[in-house]
*Asks:* 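Shown below is the structure under consideration.
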Protein chains: 4
Amino acid sequence: MSTRPFSISILGVSGFAGTELARLVAAHPAFDLVGVAADRWHGKLLGENMRIAGPAARLRVSPMDDAQKLAAQSNFVALATPAEVSMKLMPDLLAAGARVVDLSGAFRLTNLAEYPRWYHFDHTAPELVAEAVYGLPEVPDAAGNAQAIEKARLVANPGCYATAAIVALAPLLRANVVDRETIFMDGKSGVSGAGRKVEERYTFMEVDENVSPYRVGDHQHTPEIDQALARVAKADVRVTFVPHLLPVKRGLIVTAFARVCRSVTTAEVEALFRDAYDSEQSLVEVTSPNQVTISRVAYTPLGSVGVRLLPERSAVVVVSALDNLLKGAASQAMQNLCAMASVSPGFSRGCP
Amino acid sequence: MSTRPFSISILGVSGFAGTELARLVAAHPAFDLVGVAADRWHGKLLGENMRIAGPAARLRVSPMDDAQKLAAQSNFVALATPAEVSMKLMPDLLAAGARVVDLSGAFRLTNLAEYPRWYHFDHTAPELVAEAVYGLPEVPDAAGNAQAIEKARLVANPGCYATAAIVALAPLLRANVVDRETIFMDGKSGVSGAGRKVEERYTFMEVDENVSPYRVGDHQHTPEIDQALARVAKADVRVTFVPHLLPVKRGLIVTAFARVCRSVTTAEVEALFRDAYDSEQSLVEVTSPNQVTISRVAYTPLGSVGVRLLPERSAVVVVSALDNLLKGAASQAMQNLCAMASVSPGFSRGCP
Amino acid sequence: MSTRPFSISILGVSGFAGTELARLVAAHPAFDLVGVAADRWHGKLLGENMRIAGPAARLRVSPMDDAQKLAAQSNFVALATPAEVSMKLMPDLLAAGARVVDLSGAFRLTNLAEYPRWYHFDHTAPELVAEAVYGLPEVPDAAGNAQAIEKARLVANPGCYATAAIVALAPLLRANVVDRETIFMDGKSGVSGAGRKVEERYTFMEVDENVSPYRVGDHQHTPEIDQALARVAKADVRVTFVPHLLPVKRGLIVTAFARVCRSVTTAEVEALFRDAYDSEQSLVEVTSPNQVTISRVAYTPLGSVGVRLLPERSAVVVVSALDNLLKGAASQAMQNLCAMASVSPGFSRGCP
Amino acid sequence: MSTRPFSISILGVSGFAGTELARLVAAHPAFDLVGVAADRWHGKLLGENMRIAGPAARLRVSPMDDAQKLAAQSNFVALATPAEVSMKLMPDLLAAGARVVDLSGAFRLTNLAEYPRWYHFDHTAPELVAEAVYGLPEVPDAAGNAQAIEKARLVANPGCYATAAIVALAPLLRANVVDRETIFMDGKSGVSGAGRKVEERYTFMEVDENVSPYRVGDHQHTPEIDQALARVAKADVRVTFVPHLLPVKRGLIVTAFARVCRSVTTAEVEALFRDAYDSEQSLVEVTSPNQVTISRVAYTPLGSVGVRLLPERSAVVVVSALDNLLKGAASQAMQNLCAMASVSPGFSRGCP
């Protein structure tokens, strides 16, 4: 009989983010992993499909059809499912009494008109979109809801690129330092960002020794970044975002460019970042932009960010990196779950 | 006795660009490779140090001290040496009667004041800086000298990032479509771009599964790009450039962002690129930006470029890729040498 | 109107080996590429699907159903198709009057009983199996047919691993130096060896940062190696072969271990290899085993081999490397085609 | 004031194995990391140089000259230093009262004559060589000393290749199933196996897309494997070992080949492995040889091993993989330290 205080189920456990989250949850003394679901692994023991320590290894994987049943047995549910699946499941999960963290994009965008354009579906749960809290703990003014993460029933866990991008620009926009209409972002992600897809473009022969831009100007994290930064800036923001696929398994890096719109010094700009992120709870560290690399953060729950002002070019550059499966997905979900449960996340800046 | 019409020597043959150039020259029926120099390989046969076909394999590698002697025996000299070495050798090579293509940055910047800042030396041959022609054949209005490449005594072969960047933006600036002060560029290069350096940051353990920004805002190709684009735009241009090191051996990709400054359509923008590059002689191909990848151009003499207008964001994105050792160095030098010799370069769009 | 003397068609041109062979053929002055077939690219121009220079780029790709028609128009046909396809097409191609080089395993094994076991089909053209010449030019005593490659109507081009393995052991077995029953081989291949397959095990996420053994003791090149070495040794040979998949695109390396069965010196062993491979026509080079690496031979038509005798352990180790798509497929096919046409292959040890 | 029962210091903490061990020790509730030494990081806080959680981050790194002082303050010392350094330090560390686990080869070989040949030094502490226990917990009959690991004052932690090799062959030799004179091993290791070396052969340009054999027949783990297997077999054993460098950061895989010397079935052979490794304490798992891959064990403390009998070839193949920095170094050292301290190692088969 477990004495861990909070029961939790993970739906979509067989994906890359789902397995990472299962490991984090199983290692956390406050959570009792009581259910996992994934059609791909249905009927097998969790420990037959992934390395996981302790009693979680002996959990039997449920089919996704058991989603509501698992929710009824759990204080918390984490959804590591595609956006459309999350949208459809959410009403039943909440009705079953669970509090939910959703790792997909299904509840991130407040403007319902954005869903058909970027996600190719009409939203069927608009009232839950209105209720959802955007859960980027280090950028609380992006939450977009008077209700804090701590009290939320539904937390929309941010996208991986979006997390890196918002972390990079929030300090500048909060202080009204850069032109809100001239923000450009180059994103570069490891292949795990695409999930466990078997398509020719994700084969080793296509990815190795290559870098490919994709969805140039069309990536679905664009409106998510616009929305979060607009909340921070208290005015409309428009970013242009181009992602690229890297010959790397884990981690992503975003290099953001903006035009300075008022007189500012390097010292002032750097102070904006330290003020934003140098706190005990923050899992974002501030360093020199030349030090912000993928290997610095891969396999850790940390984001890393660095800024450089180029006064003679009226430009500012911010480099921001994180592990797309951790701070860009599972460990950020863990931060949100722990905030909802009022417990410590159990990892720190020193802890990969 | 060779009946190939033009004698040529390559100084600095042991570097990555030098070896590529040696192969191209040896395979070209118009050139007779009569001398190669490199202290690293001094005294050995060229064929003992690199794979090269035919009589070039039996050339004995000279020490760099023989530079002027080799120049005196050659119609052409190609310099694949560090910038400071090129600067010092150039007067003697020209005095010996050779026409020279320099692959370094020593003669690319017209404004002498830029050398101490970006290259860390004062230029000792200012009159040759004035004479040099900037040799980017597909962007003839960047040459900066009434004298064409065809008649030049000294051609400054463009930098690898600079070639990709100038190819990406020249059509837009020529047509006055984008704001000249709001141009941002994200560069990503394979490790061969750093040359044959043995430093911890170029070890496999540091580079693999990693992407690192470097010289954020300080890269020496920045003034070269500014200068070339200013010639094309006939007005000052300021780019902000951030390069990144990739876990890839060969190839680079630049993603450029600019702000549209006048009303323009997608069709007009795409036509600017086709008009610029769709010619028989051009080794730059125009395609969709999602198709511009490193593997498309690696090991080929081609550049590849694609543009996307985002009207609702008043932004334009251009992606540009090339092989840093070929179109970014050796094959571009070959284009220049062939133009100087009035012969065909011997490779084409179909020929990797 | 082409004046190139020999017309040739390539069936299965869309695979990795097919595209490499198309480039080699198009660049060779003796061959006129008159037909290419591949259902995957059917109806497109060849130059739309791959980089290829000259008139070959404008060839229209035929469907595979046109195989016999193409054969009727060609002096030579190269088959870069799966074994079962090659087996079925062969009678018609020969009936149409073409001479054929087959890159598959369909005609490599003389013993018909081996096909069901290793290739999972019963052979339907046994008389052509008997006629086929095994085409490994540097190991002529493996050909297994009085008729030389030069006069063959049907040449079975060796497997990639088999080429490396046979090159490694033929000199020792020819001289009766090693125990024929105690030969072990560890093979390691880049991913292109698996062809253009879209399966989870060939995704970047599975291959990168990994090495995987596969078909341990069951690889279909095993009987091919046994057979070729038995011809060389003039007695039965049994090898144990374990292949591994590498996080590399091109190239393979085989490390072979054998037990010395008679008194022999290092000088004698090394002489066996030089005598076997140090000739003008040979595309196998002999070097120190520590120098035999994948990058030494990748993108070249060369094999590289090195031997080390360990007298105190009564053991001999041979390391053998080649590019699986060139010396392991396309350039070896080119050697065979050129031998059949009595022309030079057009590449040499110096020519990558 | 720490209440963790055992004080420990790590000498050579700045190497790859040292940093891994520091993380394992800091996470283990039984150990109090009281000292760390490394000239490279001397004077800095440990947390400035590596990610490590908790109070260990605030340890000041000592110079190596303080080795004996640290030993005097510690119940245990772990030496992650080069073999010659370990040999010289050992007498003083033991004299200071610490019990020591040495990760180098300095105390692994019982026969003193082997040191000049394989390690290029004469041993200066022969009495400690005699005392040392070879610490491969899953192969207790290789320990070579009546004194068990539990009571040892000095444990020689096995080499990475040696661990994989001994795990692969001990079950077969213990049961007298294979010919002791005809054992061949092909090893393949990630680059971290070479340590933090800055040499051209370890640069990305040399390692990427390449595989290189090295020290063919000369690797210093050869006598270590011979010795351990001889203890297990109770008779002389001679292996021939060829290691290869992989384009991979972490992990190694050994494929071992042997000749069966008595009648045996597949079921019997597989049972030998299960009997050897299927126990609660064992960190070696037995699986099918096709499933033994580097990515299965990388970043885990596990070894993985699989066997295949090929009766018609009288051969047996064993594939064995581990993380060279964990089961091949730091986590094995942790197993030994925990055995010496009579505590659980704190990781399990499920725990990466």
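In what follows, every chain begins at residue 1, and chains take the letters A, B, ... in the order their sequences are listed.
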*Asks:* Looking at B/Glu206, B/Glu200, B/Met205, which one has more heavy-atom pairs under 4.5 Å with chain D than the rest?
*Replies:* B/Met205
*Asks:* Quick one: of D/Lys197, D/Arg250, D/Arg40, who has the most non-hydrogen atom pairs under 4.5 Å with chain B?
*Replies:* D/Arg40
*Asks:* Who pairs with D/Thr293 by side-chain contact (heavy atoms from CB on, under 4.5 Å), at least two apart in sequence or on another chain?
*Replies:* C/Asn210, C/Ser212, C/Pro213, D/Ser295, D/Arg296
*Asks:* Considering only residues two or more places apart or on different chains, which pairs with a residue in residues 198-220 of chain B satisfy ring-ring contact (aromatic ring centres under 6.0 Å, His included)?
*Replies:* B/Tyr161-B/His219, B/Phe204-D/Phe204, B/His219-B/His221, B/His219-B/Phe241
*Asks:* Closest heavy-atom contact between D/Val198 and B/Glu199?
*Replies:* CG1-C, 3.7 Å
*Asks:* Side chain from CB out, backbone as N, CA, C, O: work out which of these in D/Arg201 comes under 4.5 Å of a heavy atom of chain B, or both, or neither.
*Replies:* neither
